[in-house]
Amino acid sequence: MSESPPRGLVPMGKFLKPWGLNGELRVTIFNEIDSALKIGMEIWVETNEGVFATQTIESLNIVGNNSRIKLTGYNKREEAEKLHGFVFSLPRSEFIPLEGKELYLIDLIGCKVSDENKNSIGTVVDTLSLPAQNHIVVEAEGNEILIPFVDTYISLFDEKKKILIVKDVEGLLN
């Protein structure tokens with residue numbers, strides 16, 4: 001099962017419990033709106049021990065909390081159960097090219113976050129795609145802050161420097 005993964009792997013989702021008897025799994029897709037996942041595509045699966053292997057998507061159904069995936073060669077519930085809890089990834093090179101100022105939420109992870117006065121707030125450690133809007137999760141002095149990723153709160157994102165400037169909105173950071 002062990003293979004050397006390519007550089008630039010981006011986590012796309014996590015396998016949950018099996019669904020049905022034919023090897024399908026429920027999944028959490030980290031960015032279901034703009035997912036680059038497709039039937040026939042190879043994904044990289046990482047075990048809890050950090051071992052990687054490629055798997056091929058046989059079927060895919062992305063529908064929010066009821067998203068499901070079936071991988072080639074996993075035809076029984078018991079086989080699929082072995083993948084429960086594992087994260088799956090894609091090389092960044094497989095992502096659909098974006099236009100203009102569009103970005104993938106995953107690009108925000110690792111960015112330094114500052115306020116408009118250049119005071120450091122923390123680092124983006126995760127993103128959340130919620131029904132009303134997307135949020136960034138910022139690690140700030142041992143605490144996590146949720147900041148809506150909308151123009152009301154964000155004044156600048158410099159992708160090259162990995163810097164995100166948050167507006168001084170009353171109540172946002174306090």
Side-chain angles (χ1 to χ4, degrees), residues 3-16 26-38 41-55 57 60 62-65 67 69 85-174:
E3 294 182 44
S4 294
R7 296 179 55 85
L9 273 186
V10 178
M12 296 299 291
K14 185 174 185 175
F15 297 117
L16 304 176
R26 290 187 188 273
V27 290
T28 295
I29 305 291
F30 298 148
N31 190 7
E32 66 185 48
I33 295 168
D34 293 323
S35 177
L37 298 171
K38 293 180 181 59
M41 173 178 275
E42 281 194 343
I43 58 174
W44 287 85
V45 178
E46 181 179 10
T47 67
N48 294 330
E49 294 80 32
V51 176
F52 286 88
T54 56
Q55 300 290 337
I57 298 174
L60 181 67
I62 300 176
V63 286
N65 292 335
S67 295
I69 194 169
F86 294 171
V87 170
F88 56 93
S89 304
L90 277 180
R92 180 58 194 249
S93 60
E94 296 289 330
F95 282 33
I96 299 165
L98 299 174
E99 297 178 15
K101 295 191 181 248
E102 292 180 318
L103 62 94
Y104 284 103
L105 291 177
I106 198 79
D107 293 336
L108 299 169
I109 295 175
C111 286
K112 300 295 180 197
V113 180
S114 300
D115 64 19
E116 292 177 305
N117 297 318
K118 300 196 190 297
N119 297 315
S120 177
I121 295 168
T123 304
V124 177
V125 294
D126 202 356
T127 61
L128 297 173
S129 188
L130 301 175
Q133 59 206 8
N134 295 318
H135 287 68
I136 56 172
V137 181
V138 179
E139 172 82 28
E141 299 177 6
N143 296 314
E144 287 187 344
I145 302 170
L146 285 179
I147 301 174
F149 192 71
V150 294
D151 290 341
T152 305
Y153 300 108
I154 307 297
S155 63
L156 173 74
F157 171 55
D158 186 330
E159 189 173 3
K160 290 181 182 172
K161 293 182 181 177
K162 300 289 280 181
I163 296 172
L164 191 66
I165 306 294
V166 178
K167 294 179 182 176
D168 294 324
V169 177
E170 188 175 332
L172 178 64
L173 301 175
N174 302 337

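Nothing fancy with the numbering, it's 1 onward along the sequence.
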Quick one: OG1 on Thr28 to CE on Met12, what's the gap to the nearest 0.5 Å? 13.0 Å
Euclidean distance, Glu94 CD relative to Ser89 OG, rounded to 0.5 Å: 12.5 Å
Before you tell me yes or no, could you show the steps for Arg26 and Ser67 under side chain to side chain contact (heavy atoms under 4.5 Å, CB included), namely the whole-Å CA-CA distance, both residues' side-chain angles and the distance that decides it to 0.1 Å? CA-CA 6 Å; Arg26 290 187 188 273; Ser67 295; over 6 Å; no
Would a 4.5 Å heavy-atom cut-off, applied to side chains only, mark Phe149 and Ile154 as touching? yes
Separation between CG of Asp126 and CD1 of Ile109, rounded to the nearest 0.5 Å: 5.0 Å
For Phe15, all residues meeting ring pair (Phe, Tyr, Trp, His ring centres under 6.0 Å), sequence neighbours excluded: Phe88
List the steps, then state whether side chain to side chain contact (heavy atoms under 4.5 Å, CB included) holds for Phe157 with Ile163. CA-CA 6 Å; Phe157 171 55; Ile163 296 172; over 6 Å; no
Test Val166 against every option in Asp115, Val113, Ile145 by the side-chain contact (heavy atoms from CB on, under 4.5 Å) rule and name the one that passes. Val113
Around atom NZ of Lys162, are there more than 12 heavy atoms from other residues, nucleotides or ligands closer than 6.0 Å? yes
Thr152 vs Lys167, side chain to side chain contact (heavy atoms under 4.5 Å, CB included): CA-CA, chis, key distance, verdict: CA-CA 8 Å; Thr152 305; Lys167 294 179 182 176; 5.8 Å; no
In Å, rounded to the nearest 0.5 Å, how long is the span from SG of Cys111 to CD of Glu159? 8.0 Å
When rounded to the nearest 0.5 angstrom, what is the spacing between OG1 in Thr123 and CG in Leu108? 12.5 Å
Which pair of heavy atoms, one from Glu46 and one from Phe86, lies closest together, and at what distance? O-CB, 3.4 Å
Go through the steps for Leu37 and Ile43 under the test side chain to side chain contact (heavy atoms under 4.5 Å, CB included), then give the verdict. CA-CA 8 Å; Leu37 298 171; Ile43 58 174; 3.8 Å; yes
So, do Val138 and Glu144 sit near enough that their side-chain heavy atoms are less than 4.5 Å apart? no
To the nearest 0.5 angstrom, please state how far the NZ atom of Lys112 sits from the CD1 atom of Ile121. 12.5 Å
Hey, which of Val124, Leu156, Asp158, Ile147 is the one that makes side-chain contact (heavy atoms from CB on, under 4.5 Å) with Leu164? Val124
Check the surroundings of atom CG in Asp151: do more than 12 heavy atoms from other residues, nucleotides or ligands lie under 6.0 Å from it? no
Leu90 side chain near Glu42 side chain, heavy-atom distance below 4.5 Å: no
